[in-house]
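Shown next, in structure tokens, is the structure this report addresses.
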2 protein chains.
Amino acid sequence: MAVLERIHLAIIREVEARGSLTAAARQLHLTQSALSHAIAKLEDQIGVKIWRREGRSLEPTQAGAFLLGMANRLLPQFSHAEERLQQFAKGERGTLRIGMECHPCYQWLLKIVAPYLDSWPRVEVDVRQKFQFGGIGALFGYEIDLLVTPDPLYKPGLRFTPVFDYEQVLVVGPDHPLRGADFVLPHQLAEETLITYPVATGRLDIYTQFLTPAGITPRQHKPIETTDIMLLMVGHGRGVAALPRWLVEEYAGKFDVSPVRLGRDGVTKQIFLGLREPDAEIDYVRAFIGLASAYRQPAAASLHAAPTRVRPGKA
Amino acid sequence: MAVLERIHLAIIREVEARGSLTAAARQLHLTQSALSHAIAKLEDQIGVKIWRREGRSLEPTQAGAFLLGMANRLLPQFSHAEERLQQFAKGERGTLRIGMECHPCYQWLLKIVAPYLDSWPRVEVDVRQKFQFGGIGALFGYEIDLLVTPDPLYKPGLRFTPVFDYEQVLVVGPDHPLRGADFVLPHQLAEETLITYPVATGRLDIYTQFLTPAGITPRQHKPIETTDIMLLMVGHGRGVAALPRWLVEEYAGKFDVSPVRLGRDGVTKQIFLGLREPDAEIDYVRAFIGLASAYRQPAAASLHAAPTRVRPGKA
DNA sequence: TAAATCCATGAATTTCATTCACGTTTGGAG
DNA sequence: CTCCAAACGTGAATGAAATTCATGGATTTA
């Protein structure tokens, strides 16, 4: 009745990865013959070839490609499940797999994870940054358990909690005319070189909330991967960037850069923590969200340019 | 090395469903002893009990609950894969699993599916309406291949195509004072009974796009499951409803109800067809979207209250 | 053209899932 | 309270199925 087994998916994935049955067999601690038989039997049972044998090379058929996709989806879930069960056995609590969809949040995350690791010694934390189907897909596909993102998605099955408010500011170098200005208006960036992380402009707040509404496009747009290089370039007058104010202050000692408010009222942003609804029951998951929420006050305080006193009673 | 197999998930699911090993065994065409052995071995290998044996009843442990969730996620994918492979073998093209997240879209869908079935005789169509994790979750979880929804979600991994524009109108009965009015303003509904489908008000356009912005709440709010009953009640003066104009016209012969434009400019809506990005390559999936898009013109024509002539060249 | 690889195949073998047979426990009916 | 039916666990036996061994043909490469 049930013909398709985990081993078949493993074989299909490994053959794709290694390019030959023999190599795949080695990897799976089986003989080449075993694989050949296993595949022959499967192909016989389902009535379709999985590979087109062209001389020595194997090319997946339509069915093969379909199974390959399935293997890549399901096999990680099996292995993660086994890890998880082993953790149950050892009395450990599990692994919290956190996905990041927000470049500069890494700094913030570290501040949350540090005390979390102390209070939950039996929980492993794993941070991932690249997802084939985006953060939401990773959440739905059980690749991660928590998602740090600026774009919440209120859909059945998922739950998002705001954990961090911050102000997005323009960053300028020491010799920049805007240095020390109260704020900057969109047209003042028309002749600038704007440095951003390498993502679509539709996902950059400086565009969606500041430049695009005003119909302004900067003279040049430079994508840079890392925050350090970005600030280094800004510090040497090679352009301006938009980053969270707290991050700029964080790096204040390292680079000679200054924040300038975006627009008269500033651009404010929120970071959310997303999870699958059923996981809201898990204590160590709740605890992480709780910790992140609790951290909100001090972080929010650093939102203000002037050293504002902490105001009590603010939600 | 690999301990967790498909059969284990099947056992766990079946035990949960039937409540006992013996019953589960019958279902799986195995002896009770076989299950007992299989489970004992698994529990031994992973080092955790899956059920707490309390007398005669089995209660899942934490690990058991975890595996149960996994079983419910993965087993359907295995069986669907086998069906799909069988279809490949028979030369059939596959099954298009369409999810609906939009109550009144059923009528529209039928009009698309009918010609589709004719032009793709080797493709099966399956329409589903309930999803544990919402339509988006069903798409990501490979429960469905296409999603009909009013809420597109532009996220990596998914692709949405608008396939249908329509006007949302107020529906009133024969004796209603608003009957025949050019349009209705929010405050005119303050004393009405509003009949809607039973979903959160945040997902009802009449609230989000009409009442809520004006700060109006109707006197009473009645949730009704089916369109027929809804229109029946409206026809008998028990309240007013908000529905697509084309749907109202569809039912014009059956119930004595009339459409009234919502606000001076009307409330316009779009229906989208969502799919996983890799599936955009599949010809019969493309074809469905193509057919749905092509149907757009006639549908859009019926959007207008007055019998407008078809205007050529309109995107 | 020889050597090296690679895959397929059939027979031999070994593993391991399943069954059989039986014992123990549990929960309910009388 | 007792007895019985039903349920689960266990060990030995078994048999099906996966794996290996041995081998040959095909393809690539040196």
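A, B, ... follow the sequence lines: proteins, then strands. Residue 1 opens every chain. Here the structure is a predicted model, which means the values were calculated and not measured.
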> For A/E16, which residues count as a side chain to side chain donor-acceptor pair (under 3.5 Å) partner, sequence neighbours excluded?
Replying inline: none
>> I need the CD-P distance between B/E43 and D/dT10, as an integer number of Å.
In response: 10 Å
> Given atom CG of B/L35 and atom P of C/dT19, what is their separation to the nearest angstrom?
Replying inline: 9 Å
> Taking CG from B/D44 and P from D/dT10, how many angstroms apart are they, rounded to a whole number?
Replying inline: 11 Å
>> Side-chain N or O of B/R53 versus OP1/OP2 of D/dA7: is the shortest distance under 4.0 Å?
In response: no
>> For a 4.5 angstrom cut-off between non-hydrogen side-chain atoms, does A/R6 reach B/L4?
In response: yes
>> Rounded to whole Å, please give me the gap between CZ in B/R18 and C1' in D/dA6.
In response: 17 Å
>> Need one value for A/S36: base, sugar-phosphate or nothing, where a base atom within 4.0 Å counts as base even if backbone is also close, heavy atoms only.
In response: base
> Can you give one letter per nucleotide of nucleotides 12-18 of chain C, 5' to 3': B if a protein heavy atom sits under 4.0 Å from the base, S if only from the sugar-phosphate, - if neither?
Replying inline: -----SB
> Passes side chain to side chain contact (heavy atoms under 4.5 Å, CB included), B/R84 versus B/T95? Steps please.
Replying inline: CA-CA 7 Å; B/R84 183 94 203 264; B/T95 301; over 6 Å; no
> When the distance from NE2 of A/H8 to C1' of D/dA18 is rounded to whole Å, what number comes out?
Replying inline: 10 Å
> Checking A/E82 side chain against B/V3 main chain: does a donor-acceptor pair fall under 3.5 Å?
Replying inline: yes
Give every donor-acceptor pair under 3.5 Å between a side-chain atom in residues 121-136 of chain A and any protein atom, sequence neighbours left out.
from, atom 1, to, atom 2, distance (Å)
A/D126, OD2, A/R128, NE, 3.3
A/D126, OD2, A/R128, NH2, 2.9
A/R128, NH1, A/E143, O, 3.4

> Nearest-Å distance, CZ (B/R52) to P (D/dG9)?
Replying inline: 15 Å
> Whole-Å distance between D/dG9 C1' and B/Q32 CD?
Replying inline: 7 Å
>> Within the supplied structure, the quantity of interest is the number of heavy atoms (other residues, nucleotides, ligands) at a distance under 6.0 Å from B/Y106 OH; does it exceed 12?
In response: no
> Can you give one letter per nucleotide of nucleotides 24-30 of chain D, going 5' to 3': B for a protein heavy atom under 4.0 Å from the base, S for sugar-phosphate only, - for none?
Replying inline: --BBS--
>> Could you tell me if the side chain of A/V113 sits less than 4.5 Å from the side chain of A/F288, heavy atoms only?
In response: yes
> Over how many whole Å does the gap from B/L42 atom CG to D/dG9 atom C1' extend?
Replying inline: 16 Å
>> Tell me which pairs pass salt bridge (Lys or Arg N to Asp or Glu O under 4.0 Å) where either residue lies in residues 91-102 of chain A, with sequence neighbours left out.
In response: A/K90-A/E92, A/R93-A/D283, A/R97-A/D145
>> Using the side-chain heavy atoms of B/S33, tell me which of these nucleotides is nearest: C/dC6, D/dG9, C/dT19.
In response: C/dT19
Name every donor-acceptor pair, under 3.5 Å, that has one atom in a side chain of residues 44-52 of chain A and the other anywhere in the protein, sequence neighbours excluded.
none

